[in-house]
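Nothing here was measured: the structure is a model prediction, and the numbers come from that model.
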Amino acid sequence: RDLGSGPTRIFSVPRYLRGLRSLLERLGASTASTGAPEVEVTAPNPFAGEEAAAALLVEAVNNPDFADVVFHFNESLGPDLVAYGHRLVLGRASDPFRLAVSGPLAVAAARSDGRLHVSLPPFAEPGPFSFLLMHVYTGATDKAGEAAAGFCLWPASFQAAEFVCSVLQLADHYMLPHLKEWCESYLAQPDLLTVESIVDILTHADGCAAPQLFRTCVHHIRALHKTVVQTE
């Protein structure tokens, strides 16, 4: 602003050019905004909207690019078998994940490659853990989860039930209540609660603190009591 005795004016020039005020006024600098070309934002924003954010997260699932966490599976499953994660996502997923990637143990597990290396529980398997990661990153328990795990859950089968039992155990370990209840719902399908399988599922539900599935198994066992007691 010109703070002299005359009327206040707005100069659209840098301060270091204001010594040339008279010349600039004659050139129309004080009214440069009049008739100026309009500046518009026309380029699409690739980061706006839920779909764009979801696509970025899907792409990041178990992707070594920019990953700062490396999960190591039990050596009995194969040498150097790993999965990848990101502290920014995992740290907000649950308390066990937060402690694993940001607590005192995380500092001790950091290596010279700049990544945090975390040992998974001995029961963790690649397929179920990939399914869990997809859920943590995107909330998915559908086709996206199946694609990440490389396993088809539908139509329901006993092989798929074994897979979901593994996911349930991981969900309990990492305190992911929504995923736990989804597993309970899947395993509670009547076609899966047969005389041959129901005792194993009941035991697994008890071990994973899955009360809904446990109660459902008890209900079916009572209905099938005479047949179940004849099984080992």
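Pairing each heavy atom of P126 with each of L81, the nearest pair is CG-CD2, 3.5 Å. What you find for A124 and L77 is that their closest heavy atoms are O-CD1, 3.3 Å. Of all heavy-atom pairs between L187 and I201, the closest is O-CD1, 4.5 Å. Pairing each heavy atom of N62 with each of S130, the nearest pair is ND2-OG, 3.7 Å. Across every non-hydrogen atom of P122 and N74, the tightest pair is CB-ND2, 3.8 Å. Contact record, P128 with S166: CG-CB, 3.5 Å, taken as the closest heavy-atom pair.
Here CG of L213 is found 10.0 Å from OG of S185. Values are rounded to the nearest 0.5 Å. Distance check, rounded to the nearest 0.5 Å: OG1 of T141 to CD of E181 gives 12.0 Å. Separating the CG atom in D68 from the CG atom in L116 is a distance of 7.5 Å, to the nearest 0.5 Å. Between S197 atom OG and L202 atom CG the span is 11.0 Å, to the nearest 0.5 Å. To the nearest 0.5 Å, atom OG1 of residue T216 and atom CG of residue L193 are 7.5 Å apart. The distance from the CZ atom of F214 to the OG1 atom of T203 is 8.5 Å, given to the nearest 0.5 Å.
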Q: Take F97 and V136 through the side chain to side chain contact (heavy atoms under 4.5 Å, CB included) test and state the conclusion after the steps.
A: CA-CA 10 Å; F97 269 127; V136 167; 4.2 Å; yes
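Taking the six-membered ring for Trp and thresholds of 30 and 60 degrees, H86 and Y137 have ring planes more than 60 degrees apart, a perpendicular arrangement.
Residue V82 shares its hydrophobic cluster (ILVMFWY side chains chained together at separations under 4.5 Å) with V70, Y84.
Within the 4.5 Å cutoff, side-chain heavy atoms of P121 are placed close to those of Y174. F131 is listed as a side-chain neighbour of L179, based on a closest heavy-atom distance under 4.5 Å. Proximity of H72 to V118: side-chain heavy atoms (C-beta onward) are nowhere separated by under 4.5 Å. Residues Q212 and R215 are in side-chain contact: their nearest non-hydrogen atoms beyond the backbone lie under 4.5 Å apart. Taking 4.5 Å as the limit, some side-chain heavy atom of K180 sits within range of a side-chain heavy atom of L168.
A distance below 6.0 Å separates the ring centres of F129 and F71.
In terms of modelled atom types and a separation under 3.5 Å, the side chain of S94 and the main chain of L176 share no donor-acceptor contact. R87 contributes no side-chain N or O that, together with a main-chain N or O of V69, makes up a donor-acceptor pair within less than 3.5 Å.
Looking only at atom types and distance, the side chain of T194 has a donor-acceptor partner in the side chain of E196 under 3.5 Å away.
Tracing side-chain contacts under 4.5 Å through hydrophobic residues (I, L, V, M, F, W, Y), one never reaches M175 starting from L133; they form parts of separate clusters.
Within 6.0 Å of CG in D80 there are 12 or fewer heavy atoms belonging to other residues, nucleotides or ligands. Counting heavy atoms of neighbouring residues, nucleotides and ligands inside a 6.0 Å radius, atom CD of Q189 exceeds 12 of them. Atom CG of L88 sits in a sparse spot, with 12 or fewer heavy atoms from other residues, nucleotides or ligands closer than 6.0 Å.
Every pair passing ring-ring contact (aromatic ring centres under 6.0 Å, His included) that includes a residue from residues 183-206 is listed here, sequence neighbours excluded: W154-Y186, W182-Y186.
Partners of T138 under the side-chain contact (heavy atoms from CB on, under 4.5 Å) rule, at least two apart in sequence or in another chain, are L57, V58, M134, A140.
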